[in-house]
There are 2 protein chains.
Amino acid sequence: MQTQSDIRLTPQRQVILEELAKVKTHPTANEVYDMVRKRLPRIGLGTVYRNLELMADNGMILKLEVGGSQKRFDATTDLHYHIRCTGCGRVDDIQFSAMPQLDQLAANSSDYQVLGHHIEFSGICESCDDPQEAKK
Amino acid sequence: MQTQSDIRLTPQRQVILEELAKVKTHPTANEVYDMVRKRLPRIGLGTVYRNLELMADNGMILKLEVGGSQKRFDATTDLHYHIRCTGCGRVDDIQFSAMPQLDQLAANSSDYQVLGHHIEFSGICESCDDPQEAKK
DNA sequence: TTAATAAATGAGAATGTGTATTATTCCTAT
DNA sequence: ATAGGAATAATACACATTCTCATTTATTAA
C-alpha cells in the first residue's frame, strides 16, 4: 500500500480518471470500460482493471466493496457513506456527515488495529419503488 | 423473500446449520463445505451454496456481503457489526451495540426506502500485526 | 540522437466464486 | 407399496477478476 507515489499519467489512465470523475454514479469496472472505450476504442479490459486497482491503492480513487458481485469505483475520496438498491443494485451517496469517532469505539471493543470503516445502507430506490407499488 | 416458512430440515441442512453455529468465525461457503464434508463426505458444493442461500433468505442465518471476493455466513442473526482484517481477510464481530437510528438518518437524506444498514470496519488483526512488527 | 532499459498496454488464457441443469434419490401421503 | 414432489450430487456453465506474455511506449544513459 502506497500513498500518492510515482504513478505515470498515461493517456489510458487520464481518460479512466476523467470518465470516472464525470459521473456521480459508482460504476463497475465494466461500466468504466464501456465509458472509456468510446474515447479509446483499443483499450483492453485488463488495463481498466489494472489501473482502477492501481489508482485505488494510490488513494486517487475509492474502491467500493459493497454488496453484490461486482466492485464499484468512486472518484470522490473523502469519507462518505453509500446506499445500495436491493432491486437494481445501483449505489448512491448518503449525504449526512461521516462519523470518524466510530473507529475509536471499534478500537476499544476489539483486538484489531482499526484503520477505518464504511457504512452501507440498503433500500429500494425510487425507480424500483414505483413498479412495486403498481403490483399491489 | 420469506420469513421462517416451510423449510424441511434435511440431514444436509441440519449439519450445515450445526457446523455454522459451532464456529464464531464467519466462514465462506467453501469453508462451510469443508467443515460439513467431514461429517457428510458425499455432499455436493452446490448443495451447500443452495442451502446457505435458502437459509439466509429464510432469516435463519445471515449472509455477509463484506469486502473481499467471497460472501460469508453467520449463524448469529441479530444486528451487529463486523471488522475485517486487510491482511488475512478474516472477519470478527464488533461488540458494541447496533445503532438502528442510523436508518432514520439515511431515510431523511435520501430518496430511498431504507431497509437497513451494515457497518464494516477494517483493520489489522493480532495475528497479522505481529509479523509486520518483526519486519520493521 | 541512438541504444539500452524499464514500464505499460492489449489480447487472451486462466482462476475462482457462484449459479443452473439434470438425472437420481429420498420423503411423504395415500 | 406406489405416485408425486422436493432435495441432492455431479457437472456444466456464467461471470468477474487476475495473470501471462509478446508488443508498444516512455525514460534514461551514453
Side-chain angles (χ1 to χ4, degrees), chain A residues 2 5-20 26-58 60-73 84 86 88-91, chain B residues 1-2 5-20 26-58 60-73 84 88-91:
Chain A
Q2 42 185 350
S5 61
D6 46 2
I7 177 172
R8 211 162 73 196
L9 207 55
T10 65
Q12 288 87 344
R13 283 174 192 162
Q14 193 160 344
V15 171
I16 289 171
L17 210 49
E18 283 173 12
E19 290 300 314
L20 187 60
H26 305 77
T28 64
N30 232 304
E31 287 166 351
V32 173
Y33 177 53
D34 285 341
M35 300 187 312
V36 167
R37 214 162 19 152
K38 288 175 186 155
R39 293 172 58 186
L40 301 175
R42 298 189 47 76
I43 198 172
L45 179 57
T47 301
V48 174
Y49 269 102
R50 183 167 3 92
N51 286 326
L52 285 172
E53 187 69 32
L54 191 78
M55 292 190 277
D57 282 354
N58 215 276
M60 302 167 68
I61 64 173
L62 227 60
K63 176 164 68 165
L64 306 183
E65 305 210 345
V66 296
S69 53
Q70 297 172 67
K71 292 178 183 153
R72 292 173 176 275
F73 297 87
R84 186 170 61 95
T86 57
C88 61
R90 70 178 277 189
V91 173
Chain B
M1 207 170 288
Q2 44 184 347
S5 62
D6 46 1
I7 177 173
R8 209 162 76 197
L9 206 55
T10 64
Q12 288 88 344
R13 281 173 193 162
Q14 191 161 347
V15 172
I16 289 171
L17 211 49
E18 284 173 11
E19 291 299 314
L20 186 60
H26 305 77
T28 63
N30 233 304
E31 287 167 348
V32 173
Y33 177 53
D34 285 340
M35 300 187 312
V36 168
R37 212 159 23 149
K38 289 176 186 156
R39 292 172 58 186
L40 301 174
R42 296 191 46 76
I43 198 172
L45 178 57
T47 301
V48 173
Y49 270 103
R50 181 168 6 91
N51 286 325
L52 285 172
E53 187 69 32
L54 192 78
M55 291 190 278
D57 282 355
N58 215 277
M60 302 167 69
I61 64 172
L62 226 61
K63 176 163 68 164
L64 306 182
E65 306 211 343
V66 295
S69 54
Q70 297 173 67
K71 293 180 181 147
R72 292 174 174 273
F73 296 87
R84 185 168 62 95
C88 62
R90 68 178 277 189
V91 173

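Being a predicted model, the structure only gives us computed values, none of them experimental. A, B, ... follow the sequence lines: proteins, then strands. Residue 1 opens every chain.
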ask   = Over how many whole Å does the gap from Y33(B) atom OH to dT11(D) atom C1' extend?
value = 12 Å
query = According to a strict under-4.0 Å criterion, is N51(B) in side-chain N/O contact with OP1 or OP2 of dT8(D)?
reply = yes
Nucleotide nearest Q12(B) (side chain, heavy atoms from C-beta), chosen from dT19(C), dT9(C), dT8(D) = dT8(D)
message = For a quick check of understanding: with a heavy-atom distance under 4.0 Å over all strands, which category does T47(A) fall into, base, sugar-phosphate or nothing?
response = base
ask   = Across the strands shown, which category fits L45(B) at heavy-atom distances under 4.0 angstrom: base, sugar-phosphate, nothing?
value = nothing
key: Between CE on residue M35(B) and CG on residue N30(B), distance to nearest 0.5 Å   = 11.0 Å
note = Rounded to whole Å, the CD-P distance (E53(A) to dA8(C)) equals 15 Å
query = Do K63(B) and F73(B) come close enough that some side-chain heavy atom pair is under 4.5 Å?
reply = yes
request  = Give a yes or no on whether the backbone of T47(A) and the side-chain of N51(A) come within a donor-acceptor separation of less than 3.5 Å.
outcome  = yes
query = Within less than 4.0 Å of OP1 or OP2 of dC26(C), is there a side-chain N or O belonging to T10(B)?
reply = no
note = Between CG of L54(B) and C1' of dT8(D) the distance, given in whole Å, is 13 Å
query = Hey, is E19(B) close enough to K38(B) for a salt bridge, meaning N to O under 4.0 Å?
reply = no
query = Roughly how many Å is it from CD1 in I7(A) to P in dA8(C), rounded to a whole number?
reply = 8 Å
task = Take the protein atom CZ of R42(B) and the nucleotide atom P of dT25(C), then report the distance between them rounded to whole Å.
result = 10 Å
remark   = L9(B) CG to dC27(C) P, in whole Å, measures 12 Å
query = Can you check the L52(A) CG to dA8(C) P distance for me, whole Å?
reply = 15 Å
request  = Taking only the side-chain heavy atoms of Y49(B) (C-beta and beyond), determine which of dT19(C), dT8(D), dT17(D) contains the nearest atom.
outcome  = dT19(C)
task = Test side-chain contact (heavy atoms from CB on, under 4.5 Å) on T28(B) and E31(B) and set out the steps.
result = CA-CA 5 Å; T28(B) 63; E31(B) 287 167 348; 3.3 Å; yes
query = Can you tell me how far P of dT19(C) sits from CG of N30(B), to the nearest Å?
reply = 13 Å
inquiry  = By the 4.0 Å heavy-atom rule, please label R50(A) as base, sugar-phosphate, or nothing.
reply    = base
ask   = Does any non-hydrogen side-chain atom of R84(B) lie less than 4.5 Å from one of E65(A)?
value = yes
ask   = Between I7(B) and M60(B), does a side-chain contact (heavy atoms from CB on, under 4.5 Å) hold up when you go through it step by step?
value = CA-CA 10 Å; I7(B) 177 173; M60(B) 302 167 69; 4.0 Å; yes
Distances under 3.5 Å between protein N/O atoms and the N/O atoms of nucleotides 22-29 of chain D, please, pair by pair.
none

